[in-house]
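Below: one structure, written as structure tokens.
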Amino acid sequence: MKTFSYLLWLIWLVVAGGCHSPRTNAGTLVVALEANPTNFDPRFARDIYSDNVNKLVYDGLFRVDRSGRPVPRLVAAYTAETPVSWHMLLRPGVRFHDGTPLTARDVARTFEIILDPDSVSPLRGTFDNIESIEVLGDYEFRFRLKQARASFLSDLTIGIPPAHVAPDTLKRTPVGTGPYRLAGYIPSEKVVLEAVEEGGNWPPPAMRRVVMQVIPNETSRVLGLLHGSVDLAINNITPLYARHLGDKGFQVVTGPGANYTYLAFNLRDPVLKDPRVRQAFAHAIDRDRLVHYRLRGMASVATGYLPGFHWAWRQPSVTYGFDPDRARSLLGEAGYPGGIEVEWKTSTNKEALRNIEVMQESLAAVGIRVKVKSYEWAALFDQIVRGDFQVFTLSWVAIADPDMMYSIFHSRETPDRGGKNRGYYSSPEVDRLLEDARTEIDPERRAGLYGEVQEITARDLPYVPLFWRDNIAVAQPGIRGVEPDPAASFWMIENIRKEAR
């Protein structure tokens, strides 16, 4: 609370001094970025800040629409010749920022580099199902897969760089086909993008320049908005401060998000392996209170892994409303009438810790005594992937294709095998459904299979779904076209414009 009181005092000083109107150039959009991008080659970028820049500089073969479905971007036409063979044609006339034409050879080279056995690309696992890429002409190529993979098109959003530019060069100097090109970069200070206008591949964006200003501290980002030196902040102003800025006349635009926050259990634990204990957690946590008071209503209570706007979402018939009496009863049925004590691991993120405090209070009221242990991110993640926990909270970010469920819930995808089933959940029925869904091309049948997975996991409860966080954009009053993308990408910047003031 001391930090918030201090910020309110600073806000009062700034507003009282009349420093509220935008001061940035009319043709330049200044966007606050939390941290420094590290790699402008989309095949090797590992951080969200590099990805935010790369999304504007590069294009992929596909994009993902607001419901999570893949839609063509660089591809003009495509056909599934067989479940393991995809024939594609590129849009003719597309050029890289250095003037060279985009060809099928650039596409092939992109994936050859990712799949190189010596590659350190974080995308190798995503595309290791590719058997070969056949270049059939300047704009024609074919993907052959090792086995059918229904999520394949959704994965093809990765930016395509030119084959003639080395990865070491692209790391510092990107060359793409997107609506913006890199015009300047000062590490830990700013990234400057310039709109591609004459001869571009797309209608030119309204903002001629985008400056991504690196501002690690939230107080500094808020003051930048107040002083008018920042035009826009995307998903880096917390709900508490966003509400206050909205009261001061700033635009606070929220949209449904695909970032899923959850409580996970170690199902090998002798206490937590009992589903009644996990159900007691679910009934004891007042998620409505968490969303409305802690998150200022800028989130939705989650019912499962996929958000409600997703094409494969299904409302499960099994739900867990706030019911302390039922939670106590379940603990008694499981053999713990006096309650239990568990260790809850989390990061040192202050907002995450405050959220846990709210849940800790309601859990204690039913006899679930929680000992919270927080760690720096690297140390926390190391323990989670080793299965060294009882319970933890984390988030899955920017969920697009439900095939992600395979690595989270399939019994073969445990951490000791390189998977993400960190709680060691096992269900033969879920395994079968996930295997069938992976190779099912028909969207309706595929949605039905994932619907059954959502129903079963809601009953078995390997996770307690907490909330889907809204995307939050805070902008100066004169900024138009602010519409947060469900996947939390920076694509919306292409459509933003400034009104004269």
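With hydrogens and angles left out, the side-chain atoms of Ser411 and Asp431 include a donor and acceptor closer than 3.5 Å. Judged by distance alone, the side chains of Tyr450 and Asp401 never bring a donor and an acceptor atom under 3.5 Å apart. In the model, Arg276 has no side-chain atom that pairs as donor or acceptor with a side-chain atom of Tyr336 under 3.5 Å. A donor atom on one side chain and an acceptor atom on the other are found under 3.5 Å apart for Asn355 and Arg294. Residues Gln147 and Thr439 have side chains that never bring a donor and an acceptor to within less than 3.5 angstrom of each other.
Between Ser300 and Asp470, some side-chain heavy-atom pair lies under the 4.5 Å cut-off. With contacts defined as side-chain heavy-atom distances shorter than 4.5 Å, the pair Val271/Glu341 does not qualify. Counting heavy atoms from C-beta on, the side chains of Phe281 and Leu272 come closer than 4.5 Å. No side-chain heavy atom of Ser229 sits under 4.5 Å from any side-chain heavy atom of Val30. Contact annotation: the side chain of Asp286 approaches that of Asp288 to within less than 4.5 Å [non-hydrogen atoms, C-beta and beyond]. Looking only at side-chain heavy atoms (C-beta outward), Leu263 and Ile285 come within less than 4.5 Å of each other. With a 4.5 Å cut-off on side-chain heavy atoms, Val453 and Glu429 do not count as touching. Between Arg278 and Leu267, the closest side-chain pair of non-hydrogen atoms falls below 4.5 Å.
For Tyr305 and Tyr463, the distance between ring centers is not under 6.0 angstrom. Ring to ring, Phe392 and Phe265 are not that close: their centroids are 6.0 angstrom or more apart.
The main-chain N or O of Pro465 is found under 3.5 Å from a side-chain atom of Arg287 such that the two form a donor-acceptor pair. Thr414 contributes no side-chain N or O that, together with a main-chain N or O of Asn421, makes up a donor-acceptor pair within less than 3.5 Å. With Asn217 contributing its side chain and Thr219 its backbone, the two residues share a donor-acceptor pair below 3.5 Å. No side-chain donor-acceptor contact under 3.5 Å links Glu376 to the backbone of Ser347. Judged by distance alone, with hydrogens and angles left aside, the side-chain atoms of Arg43 form no donor-acceptor pair with the main-chain N or O of Leu123 at under 3.5 Å. With hydrogens and angles ignored, the 3.5 Å screen pairs a side-chain donor or acceptor of Tyr320 with a backbone N or O of Ala458. For Asn266 (side chain) and Gly387 (main-chain N/O), a donor-acceptor pair under 3.5 Å exists by modelled atom type. Gln454 places a side-chain N or O within 3.5 Å of a backbone atom of Arg314 that can act as its donor or acceptor partner. Under a 3.5 Å cut-off, the side chain of Ser151 and the backbone N or O of Ser154 do not form any donor-acceptor pair. Asn36 places a side-chain N or O within donor-acceptor distance of the main-chain N or O of Ser188, the cut-off being under 3.5 Å.
Ionic pairing of Glu333 and Arg326 is present here: one or more N-O contacts between side-chain nitrogen and carboxylate oxygen are shorter than 4.0 angstrom. One finds a salt bridge joining Arg386 and Asp382 here, because a Lys/Arg side-chain nitrogen approaches an Asp/Glu carboxylate oxygen to under 4.0 Å. Salt bridge annotation for Glu343-Arg369: absent, with no cationic side-chain nitrogen under 4.0 angstrom from a carboxylate oxygen. A salt bridge does not link Glu440 with Arg149: every distance from a Lys NZ or Arg NE/NH1/NH2 to an Asp or Glu carboxylate oxygen is 4.0 Å or more. Ion pairing between a basic and an acidic side chain is recognised when a charged N comes within 4.0 Å of a carboxylate O; Glu218 and Lys350 show no such pairing. Salt bridge status for Arg432 with Asp436: present, with a side-chain N to carboxylate O gap under 4.0 Å. Using a cutoff of 4.0 Å between basic side-chain nitrogens and carboxylate oxygens, Asp325 and Arg328 are scored as salt-bridged. Between Asp388 and Lys345 there is a salt bridge, since at least one side-chain N of the basic residue sits less than 4.0 Å from a carboxylate O of the acidic one. A salt bridge links Lys55 with Asp51: the distance from a Lys NZ or Arg NE/NH1/NH2 to an Asp or Glu carboxylate oxygen falls below 4.0 Å.
For Tyr58 against Gly159, the heavy-atom pair with the smallest separation is CB-CA, 3.8 Å. Nearest heavy atom pair, residue Thr38 against residue Lys171, reads O-CE, 4.0 Å. Nearest heavy-atom pair across Asn54 and Ala45 is ND2-CB, 3.9 Å. Between Asp118 and Asp116, the shortest heavy-atom contact is N-OD1, 2.8 Å. Closest non-hydrogen pair, Leu145 versus Pro83, comes out as CD1-O, 4.4 Å. In this structure, Val31 and Ile493 approach most closely via the heavy-atom pair CG2-CD1, 4.1 Å.
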For Tyr262 and Phe467, run ring pair (Phe, Tyr, Trp, His ring centres under 6.0 Å): C-alpha distance rounded to whole Å, both residues' side-chain angles, the deciding distance at 0.1 Å, then the answer.
CA-CA 7 Å; Tyr262 60 94; Phe467 53 84; over 10 Å; no
Output, in order, the C-alpha distance, side-chain angles, deciding distance and verdict of side chain to side chain contact (heavy atoms under 4.5 Å, CB included) for Glu131 and Val84.
CA-CA 9 Å; Glu131 180 71 45; Val84 295; over 6 Å; no
Under the criterion side chain to side chain contact (heavy atoms under 4.5 Å, CB included), I'd like the reasoning laid out for Arg69 against Val64: C-alpha separation, chi angles, the key distance, then a yes or no.
CA-CA 5 Å; Arg69 289 185 173 89; Val64 175; over 6 Å; no
Chi angles and distances behind the salt bridge (Lys or Arg N to Asp or Glu O under 4.0 Å) call for Glu361, Arg289
CA-CA 12 Å; Glu361 181 181 341; Arg289 179 187 174 206; 3.7 Å; yes
Can Phe127 and Ile158 be said to form a side chain to side chain contact (heavy atoms under 4.5 Å, CB included), step by step?
CA-CA 11 Å; Phe127 295 112; Ile158 175 68; 3.9 Å; yes
Can you list the steps and then say if Met492 with Val482 is a side chain to side chain contact (heavy atoms under 4.5 Å, CB included)?
CA-CA 7 Å; Met492 73 170 177; Val482 179; 4.3 Å; yes
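One distance of note links CG of Leu225 with CZ of Arg221; it measures 9.5 Å at 0.5 Å rounding. For the atom pair Leu245 CG and Ile472 CD1, the distance stands at 11.0 Å (nearest 0.5 Å). Taking CZ from Phe40 and OG from Ser50, the interatomic distance works out to 6.5 Å, rounded to the nearest 0.5 Å. Taken to the nearest 0.5 Å, the OG atom of Ser329 stands 9.5 Å off from the NE2 atom of His283. Interatomic distance, Leu61 CG to Leu156 CG, rounded to the nearest 0.5 Å: 5.5 Å. From Leu33, atom CG reaches atom CG of Leu232 across 11.0 Å, with rounding to the nearest 0.5 Å.
Of the options Arg469, Arg296, Met298, a side-chain contact (heavy atoms from CB on, under 4.5 Å) to Thr254 is made by Met298 and by none of the others. Of the residues Val291, Thr303, Leu306, the one that meets the side-chain contact (heavy atoms from CB on, under 4.5 Å) test with Trp468 is Thr303.
Judged by the 6.0 Å distance and 45° axis criteria, Arg438 is positioned over the aromatic ring of Tyr406. At least one cation-pi condition fails for Arg73 and Phe62: the charged atom is not both under 6.0 angstrom from the six-membered ring centre and inside a 45 degree cone around its axis.
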